[in-house]
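Reading through the structure tokens given below for one structure.
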Amino acid sequence: MTLLRRPAVRRFLTGLLGVYLLFGPVSAAAEAGMPWGPPVLLLGAACAGCFLWALRGGDVRRATLLLAVPLAGGLALNVVEYYSGLGLLYPLLIAAPLRARTGPAVLMVVVAVAGTGGQGLLLGMQGWEVMGNVFGMAYAAVLAFLVRHMRVIREQGAALAESRAGEAVLADRARLAREVHDILAHSQSAQIVHLEGARLLLERGEDPAAALDRVNRAVRLARTGLEETRRALDALRGQELPLAERLERLAVEFRSATGAPCAVSVTGDLGSLRAGARLAVARTAQEALTNARRHAPGAAVSVALRRAGDWCELRVRDTGGAPDRPVASEGGYGLVGMRERAELIGGSLTARPGAEGFEVLLRVPA
């Protein structure tokens with residue numbers, strides 16, 4: 001197909017088609033003799049010119065009007081010499097479905113096929129010759145309409161693919177924008193609360209130790225927010241870590257901060273997991289570990305991620321949870337927020353006391 005787009009090749013094919021279109025009129029002009037030969041040749045040249053002009057593209061209505069000229073000319077040439085007009089009519093049967101609207105194209109095909117068949121009968125041609133011409137022309141027209149249908153399907157498929165790609169890009173941008181917004185909104189609002197509390201304590205001259213504690217909490221929140229923002233930006237740049245590695249890093253951070261054991265197990269193929277599902281798994285695991293660190297210090301934790309058919313399950317368990325323990329942690333974004341995030345992508349999240357402690361279970365579509 002690239003070869004056909006070259007100007008030299010297109011000019012050669014156009015010249016070849018022009019010679020083919022003029023072959024019939026030249027034959028009819030020779031058959032007509034003088035004085036009808038020159039007008040017949042002029043008619044053939046006009047028909048060939050209009051046909052080539054219609055193939056150049058542009059307005060569909062103009063192309064339809066131009067194709068009407070070789071239609072009439074081909075039928076007129078058949079009267080002079082029966083087969084001389086077919087050199088114009090066969091290319092017309094192929095071009096009309098591709099260049100004209102459906103209604104006019106069908107009309108031109110019917111006129112060309114019926115007119116050629118009727119002329120053959122009126123001129124006393126053999127029945128088998130007439131039928132051969134009619135079926136041959138109808139076959140060419142059907143093939144042209146099939147090519148047109150395939151082209152329409154291809155264009156619709158390309159448009160649909162482009163639309164879906166655009167929607168995916170917009171959805172990914174919206175997801176990342178929501179992620180950065182959540183990080184900054186939660187982190188900075190909590191920082192403001194702590195700093196405002198520290199300011200009030202210092203203004204009143206009350207409990208400098210409590211004021212310092214609030215400042216330290218605000219600093220930790222700022223660092224956490226900065227780290228989360230960096231991770232979101234890495235995802236935007238396509239530098240997101242594999243999910244198993246992210247979970248292992250979270251476990252290392254947990255063990256380093258608490259000294260308690262934290263085991264990670266990952267089973268199943270996670271390579272095809274969608275971006276929204278990967279993000280929900282990573283955020284939920286982070287929040288669950290933060291929750292365990294604050295409300296069950298020293299408790300052992302296990303993080304299990306597995307792919308089960310069309311679903312992906314994350315289970316985080318610890319051995320030190322209390323039945324009435326909260327499901328939101330300071331500095332995190334809360335398991336309630338994680339539940340909302342899971343529901344946005346068609347998943348679910350439950351946080352409840354388990355047999356030995358506390359359990360968080362996330363299910364997201366894979």
Side-chain angles (χ1 to χ4, degrees), residues 1-25 43-78 83-119 131-172:
M1 296 302 293
T2 305
L3 181 64
L4 296 179
R5 295 191 180 98
R6 296 182 178 179
V9 175
R10 293 174 71 91
R11 285 194 294 269
F12 172 76
L13 293 177
T14 301
L16 193 64
L17 178 60
V19 172
Y20 175 79
L21 293 171
L22 289 174
F23 183 79
L43 173 64
C47 292
C50 289
F51 185 88
L52 294 176
W53 191 4
L55 293 184
R56 293 186 62 184
D59 183 63
V60 175
R61 183 177 180 182
R62 185 186 66 185
T64 303
L65 295 176
L66 290 172
L67 290 176
V69 176
L71 172 62
L75 293 176
L77 290 174
N78 277 343
Y83 285 102
S84 63
L86 296 184
L88 290 171
L89 294 177
Y90 266 102
L92 171 74
L93 295 173
I94 297 174
L98 302 178
R99 292 294 300 124
R101 292 190 176 91
T102 303
V106 171
L107 179 61
M108 284 191 282
V109 167
V110 171
V111 170
V113 175
T116 302
Q119 285 176 327
M131 293 300 296
N133 287 329
V134 168
F135 280 116
M137 296 175 73
Y139 182 73
V142 169
L143 287 180
F145 276 108
L146 287 176
V147 170
R148 171 185 175 145
H149 182 65
M150 292 173 62
R151 185 177 68 181
V152 170
I153 292 177
R154 185 178 68 246
E155 291 174 352
Q156 291 177 345
L160 181 60
E162 183 178 357
S163 175
R164 287 179 175 175
E167 291 176 357
V169 170
L170 291 176
D172 196 49

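Note that the structure is a prediction, hence the values are computed from the model and not measured.
- You'll find the side chain of Y20 reaches within 4.5 Å of the side chain of P91, heavy atoms only.
- In this structure, E155 places its CD atom where more than 12 heavy-atom neighbours from other residues, nucleotides or ligands lie under 6.0 Å away.
- For the pair L75 and V111, the minimum side-chain heavy-atom distance is below 4.5 Å.
- The CG atom of L92 sits 11.5 Å away from atom CG of L86, with the distance rounded to the nearest 0.5 Å.
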Tabulate below the donor-acceptor pairs under 3.5 Å that side-chain atoms of residues 46-62 make, not counting sequence neighbours, or state none.
from	atom 1	to	atom 2	distance (Å)
D59	OD2	R61	N	3.1
D59	OD2	R62	N	3.0
R62	NH2	G57	O	3.1

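- Between F145 and the choices V109, L93, L98, the side-chain contact (heavy atoms from CB on, under 4.5 Å) rule is met once, by V109.
- Using a 4.5 Å heavy-atom cutoff, the side chains of L77 and P25 are in contact.
- When each of L89, L88, L107 is tested with L71 by the rule side-chain contact (heavy atoms from CB on, under 4.5 Å), just one qualifies, namely L89.
- Considering CZ of R101 and OG1 of T64, their distance stands at 7.0 Å, rounded to 0.5 Å.
- Not counting sequence neighbours, Y139 has no partner by the side chain to side chain donor-acceptor pair (under 3.5 Å) test.
- With sequence neighbours excluded, the residues that form a side chain to side chain contact (heavy atoms under 4.5 Å, CB included) with V142 are L146.
- With sequence neighbours left out, T102 forms a side chain to side chain contact (heavy atoms under 4.5 Å, CB included) with V106, R148.
- Closest heavy-atom contact between P97 and A141: CG-O, 4.4 Å.
- The nearest pair of heavy atoms linking M108 to A68 is SD-N, 4.3 Å.
- Applying the side chain to side chain contact (heavy atoms under 4.5 Å, CB included) rule to R154 yields the partners R151; only residues at least two apart in sequence or on another chain are considered.
- Residues Y83 and N133 meet the side-chain proximity criterion, which asks for heavy atoms closer than 4.5 Å.
- Side-chain contact between L66 and R99 is absent, with no heavy-atom pair separated by less than 4.5 Å.
- Legend: residues meeting side chain to side chain contact (heavy atoms under 4.5 Å, CB included) with F135, ordered by chain and number and at least two apart, are M131.
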